[in-house]
Amino acid sequence: MSVRVRFAPSPTGYLHVGAARTALFNFMFAKHFAGTFILRSDDTDEARSTEEFQVDILEHMRWLGLDWGEGLEVGGPHGTYRQSDRYERYWAVALSLVDSGHAYYSFATADQLEAFKQEARANGTSPAYDGTLEPERAEVSRRMLDGDGPVIRFRVPRPGSTEFTDLVRDEMVFDHVQVDDFVIMRSNNTPTYHLASTVDDVDFGITHVIRGEDLLSSTPKHILITEAMGAERATYGHLSLLMGPDGKKLSKRHGDTALSAYREAGFLPDAMNNYLALLGWSPGEDETLVALDDMISRFDGTSISRNPAVFDPVKLEWMNGVYIREMSDDAFVAVARPLIEADLGRELEVDEVSDLAALAPAIKERTKLLAEIPDQARFLFVAPETYDDKAWSKVMETPEAPVALGAAVEVLESLAEWTTTAIDGALRSMLETNGLSAGKGFQPIRVAISGSTVSPPLFESIEVLGLDETLKRIERARSLLL
RNA sequence: GGCCCCGUCGUCUAGCGGCCUAGGACGCUGCCCUCUCAAGGCAGUAGCGCCGGUUCAAAUCCGGUCGGGGCUACCA
């Protein structure tokens, strides 16, 4: 049987890094076994689900390149893949479960359940609701006629236990005494997650359910429903949760968790995938940088780490820098150009694009986040109007600065050919003839042309800027020195 | 409280009884390279939570303990 896995986020929040990792693991697993990766929307929480979140999830799944072969928007044999469109089906299952005695109507109130729990605690017995309040058949019909809306609960067989072999945790056993008679259909006639998710997994022929560890203790419930439906259970695999630097479950208070924030900050999807895959999984001996295709060929769902992993943005940034450096110049220009144009508020001319391309290798090497590009490239397209205060006082207000700038103008003007090597040679001999150190002699020029003491390499920058522009900038700085 | 999961450098991890005086990566420190900043090269820093047990031999197996996490909703 071919592998069918699903990623089924609830649109109750933006796609966050933890969910993205779960999606990635499912994706890699499906691809590895040439199976089907399905994207579903578990939107049974009507109060918290929004279309905005749904759009965000879809958008960022696509951004990561985790394409699904079946599911939301792309369709398939199972409708819209939104649970909110399948309520009739869940109802039918719930009713048949009641008919078969696997489930029953319940009027138990929150207060009663709370009292049960308190008593259990006092007696030292399991606090999981055991269905002792189950009403008689006659009472059910009478109260329903009175307009009392019951919930439907699953009748967990006790004594008993559910055992399963978890893909990452091996043998698991849950005593049913610890599993409550959980609600499968709410009093407002909507299904709960346990029901909807399980019915979908059964109906869609899901073979492997790979999800977060937060669902581990709910798994017996899902297996119970599955088997009550007369279906074959899937293989379950529970991934450890992602943590913040303080060891607590990763959440907003740890900073950005939404994928959109990382995208906007200038992370590359390839870097994101590579990093996320390493959280709980290792591609092999001593390897860190691995392309997605490579990971897919090695990821078979075994040897997934059981311990929780701390999400470390610093390492992600390093990795992103590596991926940026590995981009071709063309690819780099393609992503850099719109960012620069947005920063400039205008489109780049054709020759400006070539300037950017010429300096691409130098800029790539200095970029960890795409969002840093405009700051680095701006001087190529607009002359500095102001200069960094500290830079000015440190390198311009020195006795050497006017000497260096004046001499630079002279040698550059008389250059026979305009190449990096020629500029390099000319400027270095200028240093020598004036008895200047590289620091004292070059930094004023850098500040004059870039406005800052930090910039891409000087000679390349000058070459790209061209003689006229370079002289203009140096002269302007000189005039401010007087 | 109950049930469940987890415990190797600060962080991500390799390790699956002898190959471990525990390997790699990020970070950090130093040095080299160098026109700034980077990148790169080299070196260094730092870990098997603890206590018992099994064994000729334990990071690796077992028990306990401590610590962290999850679930305990008509959320998912």
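In the text below, chain A, chain B and the rest are named by the order of the sequence lines, each starting its count at 1.
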Sugar-phosphate, base or nothing in reach of A:Lys117, heavy atoms under 4.0 Å: sugar-phosphate
Which nucleotide in B:rC71, B:rC5, B:rC35 has an atom nearest any side-chain atom of A:Glu213: B:rC5
Given B:rC3, B:rA76, B:rC35, the nucleotide with the shortest approach to the side chain of A:Gln178: B:rC3
Nucleotide nearest A:Leu241 (side chain, heavy atoms from C-beta), chosen from B:rG2, B:rG69, B:rU36: B:rG69
Minimum-distance nucleotide to A:Asn307 side chain [options: B:rC71, B:rA76, B:rG7]: B:rG7
Sugar-phosphate only, base, or nothing, as touched by A:Leu458 at under 4.0 Å among non-hydrogen atoms: base
5' precedence on RNA chain B between A:Glu365 and A:Gly280 (nearest-nucleotide basis): A:Gly280
Touch class at under 4.0 angstrom, heavy-atom based, for A:Pro308 against every strand present: sugar-phosphate
Side chain of A:Val454 (C-beta onward), nearest among B:rC12, B:rU36, B:rC74: B:rU36
Distance between P atoms of B:rG64 and B:rC6 (Å, rounded): 14 Å
Selected nucleotide, minimal atom distance to A:Pro127 side chain, candidates B:rA76, B:rG2, B:rC3: B:rG2
Selection residues 298-307 of chain A - residue pairs positive for salt bridge (charged side-chain N to carboxylate O under 4.0 Å, His left out), sequence neighbours left out: A:Glu287-A:Arg298, A:Asp294-A:Arg298
Base B:rC74 to side chain A:Ser187, donor-acceptor N/O within 3.5 Å cut-off: yes
Side chain of A:Arg446 - closest among B:rC4, B:rA76, B:rU36: B:rU36
Validation row, ring centre A:Tyr129 to ring centre A:Phe182 under 6.0 Å: no
Between protein and nucleic acid, restricted to nucleotides 24-27 of chain B and to nitrogen or oxygen atoms under 3.5 Å apart, what atom pairs and distances do you find?
residue: B:rG24; atom: O4'; partner: A:Asp286; partner atom: OD1; Å: 3.4
residue: B:rG24; atom: O2'; partner: A:Asp286; partner atom: O; Å: 3.4
residue: B:rA25; atom: O4'; partner: A:Thr288; partner atom: OG1; Å: 3.3
residue: B:rA25; atom: N3; partner: A:Lys315; partner atom: NZ; Å: 3.0

Whether A:Tyr275 and A:Phe311 hold their rings parallel, tilted or perpendicular, with breakpoints at 30° and 60°: perpendicular
Pairwise 5' ranking along RNA chain B for A:Trp281 and A:Lys249, keeping only the more 5' one: A:Trp281
Sugar-phosphate, base or nothing in reach of A:Arg153, heavy atoms under 4.0 Å: sugar-phosphate
Pair A:Trp281 and A:Phe299, ring centroids less than 6.0 Å apart: yes
Proximity to the side chain of A:Arg325 - top-ranked nucleotide from B:rA76, B:rC5, B:rA39: B:rA39
Donor-acceptor pair (no angle test) under 3.5 Å: A:Arg366 side chain, B:rC37 base: yes
Interatomic spacing from NZ in A:Lys364 to CD in A:Glu326 - rounded to 0.5 Å: 9.5 Å
Sugar-phosphate, base or nothing in reach of A:Phe311, heavy atoms under 4.0 Å: nothing
P atoms of B:rA73 and B:rC50, separation to the nearest Å: 37 Å
Sugar-phosphate only, base, or nothing, as touched by A:Met172 at under 4.0 Å among non-hydrogen atoms: sugar-phosphate
Separation of atom CD1 in A:Ile462 from atom P in B:rU36, rounded to whole Å: 14 Å
Rounded interatomic separation in angstrom, taking CG from A:Asn274 and C1' from B:rU13: 13 Å
Listed nucleotide nearest any side-chain atom of A:Tyr193, set B:rA76, B:rC35, B:rC6: B:rA76
Sugar-phosphate, base or nothing in reach of A:Met319, heavy atoms under 4.0 Å: nothing
Sugar-phosphate only, base, or nothing, as touched by A:His194 at under 4.0 Å among non-hydrogen atoms: base
Heavy-atom pair with the smallest gap, counting every atom of A:Ile57 and A:Pro9: CG2-CG, 3.8 Å
Nearest atoms (heavy-atom pairs only) where A:Gly441 meets A:Ala404: O-CB, 3.5 Å
Closest to side chain of A:Ser10, choosing from B:rG69, B:rU36, B:rA76: B:rA76
